[in-house]
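For reference, the structure discussed in these notes is given below.
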Amino acid sequence: MMAPPLPPVTFTDEPEHIGQLRDTIRRFVAQHAPRDARIQWDRDHRWPRDVYPELNKLGLTALTVPEAYGGAGQDLVAAIAVIEELAQVGPCLAGPYIHTAFYGGMNLSENGSAEQKAEFLPRLAKGELFFAYGLSEPDVGGDLASVTTRARLEGDEVIIDGVKRWCTGADWSNYIYTLVRSGPAEDRYRNLSFVLIPTNAPGVRMQDIHHANLRYTASQDVYFDSVRVPAVNIVGGPAMWNQGWKLLAGRALDVEKLEITAVAFGIARAALDEAWDYAQQRVQFGKAISQHQAIRHKLVVARTKLQAARHMLYHAAWLANEGRPCSAETSMAKLFVADVGVEIALACQQVIGSYALSDAFDIERHVRDLLGMPIVGGSSDMQKNNLASLWKL
């Protein structure tokens with residue numbers, strides 16, 4: 001018997017259209033992402049190129065794009081629910097969805113120029129484009145104001161030189177949403193810009209970085225050797241040259257924290273469902289192990305933590321969707337869900353026991369994926385720093 005459904009995420013019932021979305025996605029993944037295929041995708045560090053176009057027919061990537069550009073109108077709570085449901089089968093579909101709906105659709109809806117919105121958003125709403133992030137560098141992680149990848153204006157072109165690290169999916173994305181140093185380093189926050197760099201531009205070179213978790217793809221080191229792009233590729237248009245920090249610290253960053261949090265929550269939920277079911281099927285000492293106090297206590301505590309995580313995630317998503325201030329709430333959600341997700345994963349691994357170390361169950365992948373969540377997408381320590389600053393501690 002699977003774990004009972006979690007109660008509503010707020011004091012009101014979940015909107016009917018989101019419940020319908022969840023049902024649709026569950027049917028889709030049951031049909032198109034069978035377990036044997038998921039195991040092979042994970043081993044190959046790839047996502048299913050043949051399945052994703054079928055997913056796009058459901059119109060899910062339109063949930064972050066305004067109606068004026070062919071989207072469904074921004075419904076961030078629904079888009080977060082999509083990630084949660086896709087993550088029930090791991091990152092194989094949730095990952096590429098984020099590259100389209102969030103790295104592309106959300107960022108350009110918030111920060112793009114009128115020309116960029118007109119050019120990119122209709123295609124993003126249809127799921128036809130992928131974006132990757134170019135933020136971190138070999139010597140730059142959380143301190144993004146210290147980036148050293150340089151860009152200069154020459155006439156109506158931007159010329160970029162430098163290297164970016166952990167550009168997940170850059171090898172199959174169409175554009176890299178790249179943070180560059182566009183003026184003297186000593187000015188830090190005042191001389192940063194974002195530039196859309198086509199991945200097929202002359203002077204772009206990549207090298208794979210393989211990682212233990214979120215193996216729907218590899219990440220890349222991306223090298224820019226005098227890469228030239230039109231000045232209209234400055235995110236927000238040429239008027240936003242040297243204004244990149246405003247874009248980085250805005251609403252899009254708050255939502256960025258939520259998308260990876262939704263992945264963590266979805267995987268933690270899948271881990272608990274698997275352990276919950278296993279505990280009722282596995283018999284030791286004459287009874288199901290769910291009847292042994294040590295096991296049932298692990299499951300009860302894990303479920304309680306999962307419900308708390310759900311409240312944190314969807315409260316922050318609701319605030320973001322309403323346009324309310326939510327920098328603290330999104331940081332709290334990322335911090336709490338990432339850390340608690342690890343606790344849930346390890347508890348579920350102990351419930352399943354030795355089988356959890358093999359590919360007999362999905363928990364082996366769930367543990368790998370969740371162990372990385374306090375690191376990726378803004379580490380837990382960075383969230384603590386953010387919160388301390390926001391609260392003027």
Side-chain angles (χ1 to χ4, degrees), residues 1-9 22 26 29 35 38-39 42 80-81 83-91 94 212-215 260-316 332-377 379-381 383-384:
M1 181 185 297
M2 297 296 290
L6 293 173
V9 299
R22 291 184 187 275
R26 287 166 188 162
V29 297
R35 186 168 185 275
R38 300 196 307 265
I39 291 173
D42 180 72
I80 292 298
I83 296 173
E84 177 196 341
E85 293 301 329
L86 291 176
Q88 296 307 293
V89 292
N213 72 318
L214 300 178
R215 296 199 309 203
I260 191 63
T261 302
V263 175
F265 175 78
I267 295 173
R269 181 186 130 201
L272 181 58
D273 282 348
E274 188 172 50
W276 193 282
D277 182 57
Y278 177 84
Q280 294 175 82
Q281 302 297 322
R282 176 72 165 170
V283 174
Q284 291 286 277
F285 303 102
K287 58 184 177 181
I289 64 172
S290 62
Q291 296 303 302
H292 293 284
Q293 182 171 302
I295 298 298
R296 66 196 321 188
H297 282 190
K298 280 185 173 63
L299 293 172
V300 165
V301 171
R303 183 173 171 80
T304 301
K305 290 177 178 177
L306 186 71
Q307 179 62 5
R310 192 180 196 197
H311 281 296
M312 294 281 284
L313 170 62
Y314 282 98
H315 174 63
M332 285 192 289
K334 173 60 172 70
L335 169 64
F336 184 80
V337 177
D339 288 358
V340 162
V342 173
E343 296 171 9
I344 292 171
L346 295 179
C348 293
Q349 185 183 53
Q350 291 169 1
V351 168
I352 297 176
S354 58
Y355 291 110
L357 303 175
S358 72
D359 62 4
F361 290 86
D362 289 337
I363 188 65
E364 183 271 336
R365 186 187 69 247
H366 296 330
V367 170
R368 279 191 282 108
D369 286 341
L370 287 166
L371 282 174
M373 290 302 177
I375 299 172
V376 302
S379 72
S380 291
D381 285 339
Q383 302 310 325
K384 294 171 187 175

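All values derive from a computational prediction rather than experimental measurement.
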Looking at side-chain heavy atoms only, is the closest gap between [X] and [Y] below 4.5 Å?
X      : Y      : result
Leu370 : Ile344 : no
Lys298 : His292 : no
Arg22  : Glu84  : yes

Do you know which two heavy atoms are closest between [X] and [Y], and how far apart they sit?
X      : Y      : value
Val337 : Ala264 : CG1-CB, 4.1 Å
Ala262 : Leu313 : CA-CD2, 3.9 Å
Ala333 : Ala316 : CB-CB, 4.3 Å
Ile295 : Ala279 : CG2-CB, 4.1 Å
Ala309 : Phe336 : N-CE2, 3.7 Å
Ala271 : Ile363 : CB-CD1, 3.7 Å

What's the separation between atom [atom1] in [X] and atom [atom2] in [Y], rounded to the nearest 0.5 Å?
X      : Y      : atom1 : atom2 : value
Leu371 : Leu346 : CG    : CG    : 6.0 Å
Arg296 : Trp276 : CZ    : CH2   : 9.5 Å
Ser290 : Arg282 : OG    : CZ    : 13.0 Å
Leu306 : Leu272 : CG    : CG    : 6.0 Å
Arg269 : Arg310 : CZ    : CZ    : 7.0 Å
Asp42  : Asp359 : CG    : CG    : 10.0 Å

Does [X] reach the main-chain N or O of [Y] with its side chain, forming a donor-acceptor pair under 3.5 Å?
X      : Y      : answer
Gln284 : Ile289 : no
Lys334 : Met373 : yes
Glu274 : Asp362 : yes
Gln383 : Met332 : no
Gln307 : Arg303 : no

One pair to check against side-chain contact (heavy atoms from CB on, under 4.5 Å): Gln88 and Asp273. What are the steps and the verdict? CA-CA 10 Å; Gln88 296 307 293; Asp273 282 348; 4.2 Å; yes

